[in-house]
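Here's the structure we're looking at; comments come further down.
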Amino acid sequence: MSEITPKYIRLTRNVVSEMFDECNRLYFNNAVERPIKIETWTPHKKTVGMVRPIWSAKRHKVCSELSMSSRYRWTADNLRKVIVHEMIHLSIEDYKKPLTIIQRLPLIGRFFIKGHDERFITLMNELNEKYSLGITVRMKQMRKDFIR
């Protein structure tokens, strides 16, 4: 029996934007504020997706940027999972929380950053139970799709 190869999609800002809008409508009742910037790169080589705060002078407030890595081969299913994962961060606004002095220390500070707290896990579990999304804290299954 032959294994079915997943269909990969080309990651573009437009594809990410459309998937974000679809997920916002389907799973969040359009309650998640849309990022003002969407990128198809991440600052770290093996980061799949991330949300970070950026200042909007036009809106006079901290807004968000959504970044998805183009270093992976994306299926629609994996893209949906990662976008919903990042939307949970947007929903609970944990990305706006300032880092402590220890977390800012070079070399060791990153070991004190907990990126997925109880609020994140609770909402993730609720969405998984309600919609059978299969969202996880880490997307280990995407390692095989990393483009070197």
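Separating the SG atom in C23 from the CG atom in L133 is a distance of 8.0 Å, to the nearest 0.5 Å. Going from atom CZ of F120 over to atom CD1 of I135 covers 7.5 Å, rounded to the nearest 0.5 Å. Annotation: the span from E86 atom CD to Y95 atom OH amounts to 11.5 Å, rounded to 0.5 Å. The CD1 atom of I88 lies 12.5 Å from the CD1 atom of I83; values are rounded to the nearest 0.5 Å. Rounding to the nearest 0.5 Å places CG of L123 at 9.5 Å from CG of N128.
With T47 contributing its side chain and T42 its backbone, the two residues share no donor-acceptor pair below 3.5 Å. The backbone N or O of T40 sits less than 3.5 Å from a side-chain atom of S70, completing a donor-acceptor pair. When atom types are taken as modelled, the side chain of D117 and the backbone of R119 share a donor-acceptor pair closer than 3.5 angstrom. In this structure, the side chain of Y131 does not engage the main chain of E126 through any donor-acceptor pair within 3.5 Å.
For E93, the salt bridge (Lys or Arg N to Asp or Glu O under 4.0 Å) criterion is met by K96, not counting sequence neighbours. Every residue two or more places apart in sequence or in another chain that forms a salt bridge (Lys or Arg N to Asp or Glu O under 4.0 Å) with D77 is listed here: K81. Taking the side chain to side chain donor-acceptor pair (under 3.5 Å) definition, one finds that K37 meets it with nothing, sequence neighbours left out. R13 is linked by a side chain to side chain donor-acceptor pair (under 3.5 Å) to E39, counting only residues two or more places apart in sequence or in another chain. In this view, V32 and F20, N24, F28, M87, L90, S91 satisfy the side-chain contact (heavy atoms from CB on, under 4.5 Å) rule, not counting sequence neighbours. Under the side chain to side chain donor-acceptor pair (under 3.5 Å) criterion, K61 pairs with E33, sequence neighbours left out.
A side-chain donor-acceptor contact under 3.5 Å links D145 and Y8. Side chains of N14 and E18: a donor-acceptor N/O pair is present below 3.5 angstrom, by distance only.
In this structure, W74 and V82 have side chains that are in contact, with non-hydrogen atoms separated by less than 4.5 Å.
Note: H116 and H85 have perpendicular aromatic rings, judged against thresholds of 30 and 60 degrees for the angle between ring planes.
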